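Model, not experiment: these values are computed from the prediction. Numbers restart at 1 for each chain; the letters A, B, ... are given by sequence-line order, proteins then strands.
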Amino acid sequence: MLNGADPIADALGALAAPPPTGLADKVFTAWLAAPSRLGEVFVAFTGHGVQFVRPAETLHGDIDAFAESYRDRFGRPLRPAARAPSGLLPTLRGRPATSLRLDLRGLSEFERDVLTATRRIPAGETRPYGWVAREAGRPRAVRAAGSVLARNPMPLLVPCHRVVRADGRLGDYMFGSAHKEKLLRDERVDLDEVVALARQGVHYLGSDTTGVVCFPTCHNARRIDPAHRHGFRSVGAAVAAGYRPCRTCRPAADATSA
DNA sequence: TGCATGACCCCTC
DNA sequence: GGAGGGGCCATGC
């Protein structure tokens, strides 16, 4: 039937209207592909911030697989984004931008606390899982903190590769420990020294000029003159020797080896 | 509700 | 010093 010849169709057509502004943003989550230190990554983000990151390689470059993975977890469909949110691209390249916002809605309080604590670990430094659990306010939930990081929705943006085992070993990583090692070496973490110290039972370094004891990768520890550097098995041992925990890296005062 | 599951930790042997 | 096992705790089913 020709347009205009059916009064009912005309009336229905008159009812059609563009969707209200912002409706699409309420229904869809935006996604884009971007370069990163793990190669190309797919990134999903809402108006509240970045929500989900996965390397294209782990999805065989299949954006449909990314969309399915995202929908399984967050229950929303994706649509392509026109541009990246502020701070995303430099942060993915290893230059953290303070303007980058993360969308942590939908996560449990514990998950948010673990991810927020992990985000505070500076590039080039590592912290043990026990440190993350303590900073998250649940000092005994070490294993649970590891479980949260195993499901980290935003690798690289939440630098879970900087969380390592208390005995000096790297521990596991969601994309394999080889990737974890590469990321840390790229950040100039001296993994060989950390392992060598751990073999000697040294998990903390103190300076006898400042009286401060740190994690070995803390930037304050790396500035200690070798002549004034002392290794400790535990913070307790360092405190007994007259040292105080570093206020920057905050090693646990009651820890035995973590 | 209860049970199984882990990117852990630490003690013991 | 390396392996094994028990403890731990948030989460998913």
Side-chain angles (χ1 to χ4, degrees), chain A residues 36-38 41 51-55 57-58 68-75 104-121 123 125-187 189 191-204 215-217 231-240 245 249-258:
Chain A
S36 83
R37 299 162 63 204
L38 287 174
V41 290
Q51 206 170 29
F52 198 52
V53 175
R54 284 294 179 269
E57 177 192 354
T58 64
E68 186 178 337
S69 174
Y70 176 79
R71 187 195 281 266
D72 282 348
R73 191 145 175 189
F74 296 95
L104 300 179
R105 295 174 306 159
L107 302 179
S108 71
E109 182 181 4
F110 180 65
E111 286 174 313
R112 286 197 301 271
D113 290 344
V114 165
L115 297 179
T116 300
T118 301
R119 216 181 162 196
R120 290 199 293 267
I121 306 172
E125 302 188 21
T126 61
R127 299 288 184 272
Y129 288 90
W131 179 92
V132 173
R134 183 167 54 87
E135 292 288 314
R138 312 276 214 295
R140 290 189 299 180
V142 179
R143 197 165 184 168
S147 296
V148 168
L149 296 181
R151 282 170 45 84
N152 180 7
M154 287 161 287
L156 294 177
L157 306 183
V158 174
C160 58
H161 60 279
R162 296 178 193 147
V163 184
V164 299
R165 294 178 59 106
D167 61 8
R169 287 184 293 166
L170 281 185
D172 216 335
Y173 188 53
M174 60 203 312
F175 309 125
S177 53
H179 283 297
K180 188 173 191 174
E181 179 172 347
K182 177 185 181 304
L183 288 169
L184 290 174
R185 289 195 190 279
D186 286 350
E187 294 178 4
V189 174
L191 293 175
D192 301 325
E193 184 189 39
V194 170
V195 169
L197 288 171
R199 286 219 175 99
Q200 301 165 43
V202 171
H203 299 290
Y204 303 91
F215 285 113
T217 60
F232 296 96
R233 174 176 290 278
S234 69
V235 177
V239 170
C249 65
R250 298 162 53 86
D254 57 350
T256 52
S257 69

Every protein N/O lying under 3.5 Å from an N/O of nucleotides 1-5 of chain C:
{"unit_1": "C/dG1", "atom_1": "OP1", "unit_2": "A/R199", "atom_2": "O", "d": "3.2"}

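- If you measure from atom CZ of A/R134 to atom C1' of B/dC8, you get 15 Å, rounded to the nearest angstrom.
- A pairwise comparison of heavy atoms in A/F74 and A/P153 identifies CZ-CB, 4.5 Å as the closest pair.
- For A/L149 and B/dT5, the CG to P distance is 21 Å, given to the nearest whole Å.
- With no hydrogens or angles considered, a side-chain donor-acceptor pair links A/Y70 and A/Q51 at under 3.5 Å.
- Taking only distance into account, the side chain of A/Y129 meets the base of B/dA7 through a donor-acceptor pair shorter than 3.5 Å.
- Heavy-atom contacts from other residues, nucleotides or ligands closer than 6.0 Å to CZ of A/R199 number 12 or fewer.
- Electrostatic pairing of A/R127 and A/E135 does not count as a salt bridge here, judged by no charged N lying under 4.0 Å from a carboxylate O.
- Around CZ of A/R140, the count of heavy atoms belonging to other residues, nucleotides or ligands within 6.0 Å does not exceed 12.
- Put simply, CZ on A/R233 is 14 Å from C1' on B/dC9, counting in whole angstrom units.
- Interatomic distance, A/H161 NE2 to A/E181 CD, rounded to the nearest 0.5 Å: 12.5 Å.
- Nucleotide B/dC8 holds its C1' atom 11 Å from the NZ atom of A/K180, rounded to whole Å.
- No more than 12 heavy-atom neighbours from other residues, nucleotides or ligands sit within 6.0 angstrom of CZ on A/R250.
- Taking each heavy atom of A/M154 and A/F52 in turn, the nearest pair found is CG-N, 3.9 Å.
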Protein-nucleotides 8-13 of chain C N/O pairs closer than 3.5 Å?
{"unit_1": "C/dC9", "atom_1": "OP1", "unit_2": "A/R140", "atom_2": "NE", "d": "2.7"}
{"unit_1": "C/dC9", "atom_1": "OP1", "unit_2": "A/R140", "atom_2": "NH2", "d": "3.0"}
{"unit_1": "C/dT11", "atom_1": "OP1", "unit_2": "A/S108", "atom_2": "OG", "d": "2.2"}

